[in-house]
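To start, the structure under review is shown below, and the notes come after it.
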There are 2 protein chains.
Amino acid sequence: MASPHQKQTMKDRILQTADRLFYLKGIRAIGVDTISAEIGISKRTLYNHFPSKDALIAAYLEHRFVQPKPSDKPPVEQILGTFDALERRFGAKDFRGCPFVNAVAELGGEDKSVKKVAIAFKESRRLWFRDRLTELGVADPEALATQLQLLVDGSIAQDLVRDDPAMARAAKEAARVLLENAGVKISSPDGAKA
Amino acid sequence: MASPHQKQTMKDRILQTADRLFYLKGIRAIGVDTISAEIGISKRTLYNHFPSKDALIAAYLEHRFVQPKPSDKPPVEQILGTFDALERRFGAKDFRGCPFVNAVAELGGEDKSVKKVAIAFKESRRLWFRDRLTELGVADPEALATQLQLLVDGSIAQDLVRDDPAMARAAKEAARVLLENAGVKISSPDGAKA
DNA sequence: GCCAAAGTACACAGGTCTGTGTAACTAAAA
DNA sequence: TTTTAGTTACACAGACCTGTGTACTTTGGC
């Protein structure tokens, strides 16, 4: 974990493969046999590293819970850049919505731990927006952060259904209007086109 | 079908129960045995009315595809009222997100017919916004309709995860800003509170 | 070379699921 | 009363799932 070029452990390989298949095909749709077969290991080995499928699911969601990289750019560029990044990811053919929202939709309100991590993730994203808005000195960073997060999640849901990266651009346009309405000056007006 | 007080047919009862359970617990989580047991009929009867579970799923989604009631209210009130209705539904304990988005998340890109009806539904909602925006004479009703739909889907996704009806109010606030930015005058400023 | 840890092969238990087959039953229409 | 359409009870096939047990083999460190 310290050394960056350390050889990938078996546990890493299992988690990485589970991540890809769970995300792409759905958690319920993928059995442990499929995962172990994909790696070319025995099912026994998988169960030697993860005590149950539930544990693997939990590890999958933790693995997806990554913080955005710190950036030196001005806050307003960071905020709007979020939607450019979204648009890029929408274009990728292996994009299939938000793993946390999907997991909640798939596993339902039954599994409380899944919902818990999903809430934590969404809130961490909202706080990321809020911190940058605070830096910009807007009047109500909490409320505006929530609204920006709505645009993010809305565009993700729309793209999941429509496969249309333009949803990210539409969200960006709306975000720009909300920001300007809050008194934020936007320097580079690369308007309709990304 | 013509007579409104016609006795509910067996097919109706099956569809109604399937609808409730599929939506609340998830499509993959509910088996045909569970549905027939809930109604108190044999599994055979269910299969006499629907040739397969897939057919039942398709009927479920068609059944969910309802158009909003026509309204006499001014367009701007209809648009903002959408978010009030959302807030009310978020408060209900049997609300569990958008059935179409959930179905796509659950069944994946595999099932093309599911995705097809989901796209049709989302587009029909967007067009509903667009028609009212056109009536209001805004400059670009297409783009604004897409943005409003983003707010709707975003608040639904957020509420699915957080169980927080305030998401609908946040979306309404953002919608108000977008509308005013497009030159729409909003008469009753029942601001932060619903 | 020796040993311990890790992985493999493979069967299997016990559960769930979709979908079918069949014979008996019920109720209403003719 | 007889026919007929719908329903029931129930077993079952065949598939897939999670998880375990066990004996064998590989592999890296000493």
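Below, chain A is the first sequence line, B the second, and so on; all start at residue 1. Computation of the quantities below employed the complete heavy-atom set of this structure, encompassing side-chain atoms and omitting hydrogens, waters and symmetry-equivalent molecules.
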Item to check | Whole-Å distance separating the CZ atom of A/Arg28 from the P atom of D/dC16 | outcome: 18 Å
Item to check | Distance, rounded to the nearest Å, where A/Arg44 contributes CZ and D/dA23 contributes P | outcome: 13 Å
Checklist entry - Between A/Thr45 and A/Asn48, is any side-chain donor less than 3.5 angstrom from a side-chain acceptor? => result no
Checklist entry - Where do B/Pro165 and B/Asp159 come nearest, in terms of heavy atoms and distance? => result N-OD1, 3.7 Å
Item to check | Interatomic distance, A/Ile30 CD1 vs D/dC16 C1' [rounded to whole Å] | outcome: 13 Å
Item to check | Axis bend over the full length of the helix from C/dG1-D/dC30 to C/dA30-D/dT1, computed from five pairs that close each end, to 10 degrees | outcome: 10°
Checklist entry - Which pairs pass ring pair (Phe, Tyr, Trp, His ring centres under 6.0 Å) with one or both residues in residues 8-57 of chain A, sequence neighbours excluded? => result A/Phe22-A/Tyr60
Next on the checklist: Checking side-chain hydrogen bond (donor to acceptor under 3.5 Å, both in side chains) between B/Gln78 and each of B/Glu135, B/Lys73, B/Arg132, which is the one that passes?
Outcome noted: B/Arg132
Checklist entry - Judged by modelled atom types alone, do A/Asp111 and A/Ser113 share a side-chain donor-acceptor pair under 3.5 Å? => result yes
Checklist entry - Which nucleotide of DNA chain C is the first, and which the last, in the 5' to 3' direction, to come under 4.0 Å of a heavy atom belonging to chain A? => result C/dG7 to C/dA9
Checklist entry - To the nearest angstrom, how far is A/Asp33 atom CG from D/dA15 atom C1'? => result 13 Å
Item to check | Sole candidate of B/Val104, B/Ile119, B/Ile27 that passes side-chain contact (heavy atoms from CB on, under 4.5 Å) when paired with B/Val114 | outcome: B/Val104
Checklist entry - Side-chain N or O of B/Ser42 less than 4.0 angstrom from OP1 or OP2 on D/dA9? => result no
Item to check | Summary of ring pair (Phe, Tyr, Trp, His ring centres under 6.0 Å) pairs that have at least one residue in residues 112-169 of chain B, sequence neighbours excluded | outcome: B/Phe65-B/Phe121, B/Phe100-B/Phe121
Checklist entry - Which atom names give the shortest non-hydrogen contact between A/Gly97 and A/Leu160, and what distance separates them? => result N-CD1, 4.0 Å
Next on the checklist: Quick check: on DNA chain D, is the nucleotide nearest B/Lys43 upstream (toward 5') of the one nearest B/Gly40, or the reverse? Name the residue that is more 5'.
Outcome noted: B/Gly40
Item to check | Cluster overlap B/Leu127 with B/Leu151, hydrophobic side-chain contacts below 4.5 Å | outcome: no
Next on the checklist: Using whole Å, what does the distance between atom P of nucleotide D/dA9 and atom CD1 of B/Ile39 come to?
Outcome noted: 14 Å
Checklist entry - What pair of heavy atoms forms the shortest contact from B/Arg126 to B/Gln149, and how long is it? => result N-OE1, 4.0 Å
Checklist entry - If you look at every heavy atom in A/Gln8 and A/Asp12, which pair is closest and at what distance? => result CG-CB, 3.4 Å
Item to check | Interface residues of residues 14-27 of chain A with DNA chain D (non-hydrogen, below 4.0 angstrom) | outcome: none
Checklist entry - Atom CE of A/Met10 to atom P of D/dT26: distance rounded to whole Å? => result 16 Å
Next on the checklist: Heavy atoms within less than 4.0 Å of DNA chain D: which residues of residues 48-56 of chain A have one? Give them sorted by number.
Outcome noted: A/Ser52, A/Lys53
Checklist entry - Is the backbone of A/Leu24 close enough, under 3.5 Å, to the side chain of A/Arg96 for a donor and an acceptor to pair up by distance? => result yes
Checklist entry - So, A/Asp131 versus A/Thr134: side-chain donor-acceptor pair below 3.5 Å or not? => result no
